[in-house]
Structure formats: structure tokens, C-alpha cells
Amino acid sequence: MININPNDKKKPDKRMTLTDAIKTYVPDGSMISFSGMGGAQCVAPTYEIIRQGIKKLTFVGDSPCESGDMLIGAGAIKKAEIAWCSYAVAGLGYNYRRAIEQKIPHEIELVEYSNYTIGLRFLAGAINVPYIPTKSLMGSDLLKYNEKIKVEEDPYNGEKVALIPAVNPDIAIVHVSRADKRGNAQMFGFSSNAENLARAAKHTIVTCEEIVSTEEIQRHPNLTIIPEYAVDAVVEVPFASHPWNFPYAYAYDMPFHTEQLAAFKTREGFEKWLEDYCFAPGSWEGYLEKVGYGRLEKLRQLERRFTKAKY
Amino acid sequence: MININPNDKKKPDKRMTLTDAIKTYVPDGSMISFSGMGGAQCVAPTYEIIRQGIKKLTFVGDSPCESGDMLIGAGAIKKAEIAWCSYAVAGLGYNYRRAIEQKIPHEIELVEYSNYTIGLRFLAGAINVPYIPTKSLMGSDLLKYNEKIKVEEDPYNGEKVALIPAVNPDIAIVHVSRADKRGNAQMFGFSSNAENLARAAKHTIVTCEEIVSTEEIQRHPNLTIIPEYAVDAVVEVPFASHPWNFPYAYAYDMPFHTEQLAAFKTREGFEKWLEDYCFAPGSWEGYLEKVGYGRLEKLRQLERRFTKAKY
Amino acid sequence: MSKEYAQDYSLQELLVAASAKEIMDGDVVFAGVGVPTLGAMVAKLTHAPNVIMAMESGSIGPQPYRVILGIGDNACVENSICTTSLWRLFSDQQRGYFDVGMIGGAQVDKYGNLNSTVIFGEGDYYTPASRLPGSGGANDIASSAGRTILTLPLQKRRFLEKVDYITSPGYIDGYDAREKHGLPGGGPAAIITNKCVFRFDPTTKEAYLYSVHPGVTVEEVKAEVSWELKIADDVKVTEPPTLEEVRITRILDAGQIYTGSGLKGLTFEKYVQMLETSQEILHQLF
Amino acid sequence: MSKEYAQDYSLQELLVAASAKEIMDGDVVFAGVGVPTLGAMVAKLTHAPNVIMAMESGSIGPQPYRVILGIGDNACVENSICTTSLWRLFSDQQRGYFDVGMIGGAQVDKYGNLNSTVIFGEGDYYTPASRLPGSGGANDIASSAGRTILTLPLQKRRFLEKVDYITSPGYIDGYDAREKHGLPGGGPAAIITNKCVFRFDPTTKEAYLYSVHPGVTVEEVKAEVSWELKIADDVKVTEPPTLEEVRITRILDAGQIYTGSGLKGLTFEKYVQMLETSQEILHQLF
């Protein structure tokens, strides 16, 4: 289905625009995954996918916020294999609920896991084994409605284990603190499932707050969570997680998020939001312009009062 | 067998001497594992275990040098579950060879894995699952002589996989760059299997080149490879890997190692070495004194010319 | 330290204090955002200074000078002792390192099984009356944490003989069912509600009424439970929050995000100010 | 770039150059210490600037200003792009990210199966004539690397119809045996010896004589192989090292640790001096 140059991972310079990266690596019908958990979400790529009108995606992820709920609302997702879909403190996953409860904008197929077992799917995919056993999910109804999870007695001690199948998405989008143009990706703070996502996927786009030199990467090799050989494209996208926080970079924009989620409560509100914040601005730069660089700078300053990367 | 206070992992101050840590956590008959690969080896703990005359250990490790070969030579090991035993450039595992070929000082039981599959045993132990599948070992004779590895067709795609059993040693000894007194352990450079060893084991001794404050740990939380809740004891042991190198700390003492290995070629040479470098000095400090602090300082300076931790 | 109880406190503040009391010094606490995080922070700042909070995103042991606004908020990274990945954090839980997990849900049954996935209503799993967010990490916490604390409002439609869907197993169908299913964690220790606290029979693993909050009667509780509720021989009155617990809760959540109506009408300016101020005030606590 | 061949070179230098030529630009190379690492470094400094070396200890992409003295030497960390753990590095190999693995052994057979575990002699696995170090990571490299390059000295007692013990599978018993056993890697591409280079028949997967080193005859090679050796129709002469390759090899291993007798009589002072000098000289190469 995807017909991408398999040698892209060997390129010494993988820099692209967000638009081109999505256009190249995310055809209709792809199986896709995103990094982020709570904070550090892939909001900019989500908006770009919606702008490009990509459809029929299979979404695999732990607890998506924008990337799950907004893509569902935009009608981009055919099937979701997830553990949770909502927005935490600021509001609920209204698009997700509308899709399941009322088939708006259309029906989606749903396969449920827990956060840990989605993490194990990526781990299994990253290390290239068909499954990893776990002790989660036992005695729950997740087993009843997910036929891909097999319960077995382990051949060593006869313990009950659930086998969690590997996943190898067509494309992973991972947002990190910084990367060089070859794709060596470094993260300050928690890294969600980024390291395994990037390796599990057939193709990987690294978006980063900042592109740095390879020399800078070499100064702190312990921070590299994804080496260049697992990466197809590198895109510099500052504030890519707004309104979410990004560790050591900018604080959570909760007032903005609250307003956004209030709009998402109705289908009309969501559609108007897409028009105002996704289509009309035309690009992520346009979105940031609309949010206001003054506000963004304030979020950056605010975060610096609390944390500053000391690497 | 081991009767250790299960609440040791909760202590806010876990500092001990090397002697006390080994005395407390390594009774005769323990199953034991060490960190290190090529460099960063646990040499000081190895000497201490020999000095204390501990016996009948089951040793589980990837490619041990001193910790495998010297403990075998000292008659401390009953059974070894390993992938390799030698010393790389400076010489071979003469004690290991003597034990297998001539039962000197006594017979040992041997179960062989590869480096990766030993790594997977620790990973499985660390995440508390009975096994992890792999594609290593297929078509090799390791399968023929190791009945613990089971080959199966995976229930998803019918691919052949080898199941690698978890291991949960009684005690892990892990040597890292630095730790705080609570046991938060940080490593500069490669970390071998340290992070999984520490978690797989029932009890874990962290030795470190330097004890630092918790505030220093908090400045760089991305470098913490083992959190305090997995640690029972913390021991500051500078130059614990000599004659091996330790990343960002001191260079490899190859001339010393070459001399050491030349001595190990004969049983008499090995026994004299133990007398001169292990028993007579009476402690690791005594060993370092005998090596010479001037020489050690030179190795530290030498390394600084090439690498210096920039965290 | 003699305990001085607060006279003036809200129900949310009582819940925070009750959660805090479930935590012992040295516990590693898998804390969700809101009352659980506040409870863990209050515990850390009162009787349990060695508490370590584990946050789902991969942050361990944060000591933030601001209120935590999400499991992946930057506050979770602030002064943490380890920032790592999601799978590693959950693996550490499966290994048995996490003593307490705190989870909520929409429905619970008498064996402490929680539903946070779907309300069937007239329909079923595929065509539910109401779709909830799903398990997230709740199932994994329920499976592997040393013990779990469940929090949800006491309402008859929530306290059911049998939940529509078991998202997070409690004691399943009681007795040794957890062992039979191979679950490594210890199961629920308590259900904390807005009116009372339930605990579990050590043999049957059925929930019973352990204490009622000040001013609440046993009958009021029974009226909101769908099964024939067992009552402790000596039902206690839930210990009210101490002055110190209330004081710290109010400092931690000065903006009343979790303990009041702080989210309403929160302008950007007020929000920035709230965080900036909290940094100054919280420095006094640590 | 026209190639100027060296006239004056040692056998070890030829082996380094031959190893280097097996590496393509952009390859990720799982390199053991000695000739493989030197070969990979020479490749990186000549025709393959984008080579990435993966070192077993968990270091990826080092660019050291000194000779690498072990797979876990600090030189492996120097200017690396990523330092991680052993299991992660090997997992990346199992995932298919490593293009070339270089391994040696004590015995090899006509299907490229390697033995680095035991020489049975009159005995067996449990009572061997000679105990070798074992697999280490060799089995994993042989299982999963995109292709493998085998290096060992050409001797009749080493080149056997059947090895005593398969530590690292080549093509097992030929044809599609690797696929049948589920091995993800491509298998051996070449055996480089002190006298010649073998490659493998694309169908039968049997080793055949591909080239002889300058001055070596086909008969000399056949005399050191225990099976009925197949010979290429057009046996080549192994390409000698270029002037540039020899020059760089001599700079990289100025102390002749791997390409001469540098280990003999190495005093501490000479050793320190060797490393200090290498730093200065190597800065000219990068």
C-alpha cells in the first residue's frame, strides 16, 4: 500500500517540511501511531493530517487526545486500537463518544487494550517478535471483546499469561525535544512510548522542537532515544504540542484547552474549530500565529521558572 | 535461602561498605549477576566475594570477564549460565577453560545462551513475565544443549520463535557512574544490562564511582537507569572496574591487564595473583594502593583528554 | 504529633485527606491526576515524606512547586528522580514495585470490579448508551499494584451487583479469584466515596461499609447501594481531615482546580498568575 | 578517485582492507574488536563516510580519536550518537537495522556455520579437547544481521565438512534452511581468510573460492579445505589494499595492537603515550 523509498533511513539529511513529510509517508489507509502521553502530544501533525484530508487510517495508540479524538471527528479514522480516548482535566473525548454512540461523522471499528498492553505491542514490534506475554488484562472484560489477546499457561511454570500481539504500524510520528538532520532524536523528560513506536513502525517521522547539530547530539549520547537508522524524516516544528505542555520547553495552556474542549462538545462547535484553527490558518505556522506568539512566549517563560534542561 | 529484610528497598539511606554489602546480600549458594560489558566491569565486588570465600554460587551473565573467570578460578561457582567467558584483547578465560577441560579447581555445570538471549532473560525477569520470544538461536547447537529454551510456532503467524526463560537472580550487583544514598543510579555511556539486572534480581547492590546528592540526581532525571525502589544497598567504590575502563571516568589499563592475564595462564600464576592482589591487600582500597594511585590518576587524566561527561 | 482536626473543610478536601491516609511512608504510589495526586502530595508533606509518585507518562518521584495538571504535565518532570518511558514504568509496576494504585470509574460492584469503559443502558458493548474513555492504565494498575484505592461518588446507579463491563478487576467473583486468574497485585483495599469508606472482607473479598463520613448515616449509604450491603460490626466515623491536611491541600490547589470551581472562567492571565504564585508559596512547604 | 594500490603491506593490513571493502556507505556495522573495527573505521574514512558502527556494549556510532581496545572500551562512547543498553542494541539488530555483522570462530563448514564454543577432539561437548569462549553475541549477529562477514585463518583443521558445534548459523544445511528455521538475517556474504576469499552459491548456499590473495594459488587453498571445494569459473586475485587504506590503517593502529606485535612489551608509559599521540594524529583524519 505504501510505496516509499526503503533507503530513506540511510539519507544523511532527512529534513522535510511537515506538509511534505505527511504527504510522503501518510497515504490514505495507513496504520499510524503517535508519541506523547498526557503532555508532549503530536498536535501539529494531527492538524496537518486533517488539513490534507487523509482518510481510512487505522490508529494504534495508548491514550490519544487530539490525535485520536480530532482525527475521529475529522472522519480520518476507520479503526482504532487504543486504551483510552479523552482529554483529562480540560474535557472529554466528545468526538470519540459521538462516533461510538451516534456514528458521527461515521462508524469506527474499535479494539481495546490497556495502556501497558499497547506499550507492549510497540515493544514487541520494536524488537521484532510476534508477541510479549503479560499479567495485565486477566479477569477483565477486555479479554472478552478482543480476540487478538490469547490467554495461555506458560510452558515453564504453568502461570497464566496473556499474549499481547506485536504491532508494526506503517508510520510512526514521534515528537521529541531535539534531533539532528540525520534523525538522532533526543528527549528531555518522560518519553511515553516514543523509542518503541519509532522502531516498531515501517517508517518514522521525527518531529522536534529544535534541530541541532550532530556534534550537539554527540555531547549527550545518553539522551538519544531513537538512533538515525530508525528514522525516515526529520521535521522541525516548534510548539508542536500546543496547547499541551512539552517538558523543559513550554507550560500547558490550560485556558486555551478548556475553551477548545468547550467547543468540541457539539459537532457544530468542533466543525467551526476545524475551520478556524486548522483550515483557515493553512499551516501550523498559521495556527501558532492565530494563538499568538506572545502567548506562546509567555508559556515558554512560565516553564523556565520551573524547569530548564541542564544537559 | 536468603533471609534479608524485605524492607531494605524502602530505606532512605542505603549506604554500606562493600564488605558489609557482600556479607549481607551474598550468602553461599546464591544466584548472582553482575553488570558490565567489555568495560565497566564489576571487578571490586568480584575480589570481595573471593576474599569472603563465598561458595556454590550460580552465576548468570552475558559475557563475564573477572566476575566469571576469576570466581570460577577461586572455586566460588557451582553453575554458570552464560554466553561467553574470556578477556578480549588482553587474554583468554584460562580459569574457565581449566574448569571445563580439567575440572580445576572443580567441575562446574554450564548452560549456554547468547549475549542477546541472556539480555532477554533479564528483561523478562525485570518485567515479571515467564519468558520472551526471540528469533536468535534458531538452527544452532545452543538449542541442542539447553533444554530450557523451547522452540514454538507463534500462535499469531506461525513463525518459529525460541522462548527464552526469565531469570530472577537472588542478587544483582550493578556498577554505575553515580547514585544517591537512596539508590537512584545514573550511568554515563553504555549501560550493558544494568537496568534490567537490577530489576530482575530479588535484591540489588548498586556500586558507584561516586555518591551524589539527590538534588544532583534530580537535575538530570533522564540519566537515572535504576530508581531507588529497585535498590537495597548503595556502595561508593571508585575505580571499581580497574583494570577495565569506565566511561567518562578512567581509561582501560591494558598493560596491567596483559600482565594479569599472563599470570592467569597457569593455575599457580592465578593463585599467586589472588594472594598478591586479593588476599594480601585485604580490601579494594588495598588493591588500589598496590596498583598505585598515581597510575590510577594517570588513567583518569588520560580519559579526560578524550571524553568528559557534559551533564 | 497530636492531631488537630479541621472544622471547616469541603467534601473534596475530606476526600483528599482520606486518600492521603491510605498511603504509608515509603510507598510508591501510582497516582492519577486530581484527588489521588493531591492525596499523595498531602501524604508526602505530612506523615509520609518518603512517598514516591509514579506518573503514567514515565515520570517518577516528582516534587513540583505547582499543581499537577495532568499525568504528563511538566510538573511531573519537575525535580523528579527518574524520567523514563511508559512501558518501563508499567513494567516496574508489573514487577511489584508499586505499593498503591488509585483509580476511579463509573460503576463498581461488590467485589471492587470497576467499569470505566461503557454503560450499556438498553444496548450493549457495541451500541452503548454511554461511551466512557476506557481503561487507559487503570486495568494495569488494578492488575499489578500492591493494593488499590478506588474512588467514586456513592450513587445507586454506580454501585451495582454486577458492572456492565469489568475494565479493572477487583476481586472478580470473590475469594481467591485473583490468584486463579494469575493477577500479581493485591486488589482493592478500600473504596472512598463522597459519603463513606468501604473495605473488603479478607475471606469472601466482598465490600462492606467500614466508615461513614461525619454527618452521614448508615441508612443513607445503604440506600445508594444496589446489593445487600454488609456493614461492619463497629462502623466508624471517617476520620476528618486535620488542620494541617486542609492547609496543605489549599496551598497545593490554590487555584481550586480540583477542590473547587477553579476551571470556570480561568483566563490566561489568572492561570499564569496562579502558577507563578504557587511556586513562591510551595517553596515554604518543601 | 583513481585507486593507487599499496606495494608494501602486511597480511593483517590486507585483511583490514578486504573487510573494509565489504562495507557499503550508509551501512550499520555490528563490529567486533580488532580487524572488523579497523575495517569499519577504514571504510568510514574512505569510501563509506556514513557508516555507523554498533558496539555490543550499547554504544552506537562512535568516532574515537584512538584505537578501540574492546567492545566496551571508552573509545566506543567517544563522540557516539547514542549510548544505550545491550538488550536494546541487539533488539535493533533483530529488528533488521544492522546491515553487516563481522564474526570469527575456530571452525567453519561449507555452509558458513561457525563454531566458537568447543573443539570436541576425542571427547564431546561435556568433555571437550578444547573449550573456547562461547557465542557471546556471535549467534545473534549470525541470526539477524543483514549479511555477515566471517573471518578466520585458512587451515584444514578449521575448514571442515561439518563443525563440531554450530555456535553461529550460516546457511545450516544449505538452500532455504535459514528461512525454514525462521532466521531473519541474510546469512554469510563472504569468508575472508589469510589466503583467500570465499563467497556463497546463491542457490545451494555452499561456499566457493571467489578470490586468492596476491601470490596464493588455488591449489594452496584447496589443500587447506576439508571438503571438495567448488571454485569460481573466474577466480579473481583479491584486490590489494590501496595506499590510502594502508595509510589509514597504520594511523588507526599506530601501536600495532592488531596489525603487529604491539601488545608485547607494552609498558604503561608507552601505552599512555600511544593513546595521547593517536589523539593528535587522528584529528587530521576526521
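No experiment lies behind these values; they were computed from the predicted model shown. The sequence lines fix the lettering, A, B, ..., with proteins before strands; numbering per chain opens at 1.
- With chain D as the partner, the residue from S86(B), A88(B), S63(B), P247(B) showing the most heavy-atom pairs under 4.5 Å is P247(B).
- Applying the side chain to side chain donor-acceptor pair (under 3.5 Å) rule to E159(B) yields the partners K135(B), N157(B); only residues at least two apart in sequence or on another chain are considered.
- The stretch residues 87-97 of chain D places W87(D), F90(D), S91(D), Q94(D) near chain B, each with some heavy atom under 4.5 Å from a heavy atom of that chain.
- E101(B) places a side-chain N or O within donor-acceptor distance of the main-chain N or O of R131(D), the cut-off being under 3.5 Å.
- No donor-acceptor distance shorter than 3.5 angstrom exists from the side chain of E112(B) to the backbone of G134(D), with no hydrogens or angles considered.
- Of all non-hydrogen atoms in F268(D) and P255(B), the two that sit nearest each other are CA-CG, 3.9 Å.
- Here the shortest heavy-atom pairing between D141(B) and Y165(D) reads OD2-CA, 3.3 Å.
- For N115(B) against L86(D), the heavy-atom pair with the smallest separation is O-CD2, 3.7 Å.
- A distance of 7.5 Å separates CD1 in I166(D) from NZ in K144(B), rounded to the nearest 0.5 Å.
- Only the backbone of K180(D) comes within contact range of chain B, judged by heavy atoms closer than 4.5 Å.
- Contact of A129(D) with chain B is made through the backbone alone, with heavy-atom distances under 4.5 Å.
- Both the backbone and the side chain of L266(D) come within contact range of chain B, each with at least one heavy atom under 4.5 Å from a heavy atom of that chain.
- Side-chain atoms of N74(D) never come within 3.5 Å of backbone atoms of Y252(B) as a donor-acceptor pair (strictly under, hydrogens ignored).
- Between Y126(D) and Y145(B), the angle of the ring planes goes over 60°, which puts this pair in the perpendicular group of the 30/60° scheme.
- The contact between V272(D) and chain B is made by backbone and side chain atoms together, counting heavy-atom distances below 4.5 Å.
- The two residues G139(B) and P169(D) have their closest heavy-atom pair at O-CB, 4.1 Å.
- Here the shortest heavy-atom pairing between E280(D) and R305(B) reads OE2-NH2, 4.1 Å.
- Heavy atoms closer than 4.5 Å to chain D are found in the side chain of N196(B), but not in its backbone.
- Residues of residues 105-121 of chain D lying within less than 4.5 angstrom of chain B, judged on heavy atoms, are T117(D), F120(D) in numerical order.
- Within the 4.5 angstrom heavy-atom criterion, only backbone atoms of T84(D) (N, CA, C, O) approach chain B.
- Crowding of Q273(D) atom CD: a count of heavy atoms from other residues, nucleotides or ligands under 6.0 Å not exceeding 12.
- Of the atoms belonging to Y113(B), it is backbone heavy atoms, and not side-chain ones, that fall under 4.5 Å from chain D.
- Across all their heavy atoms, I257(D) and M254(B) have their closest contact at CD1-CE, 3.5 Å.
- Applying a 4.5 Å heavy-atom cutoff, the residues of residues 137-148 of chain D that approach chain B are G137(D), N139(D), D140(D), S143(D).
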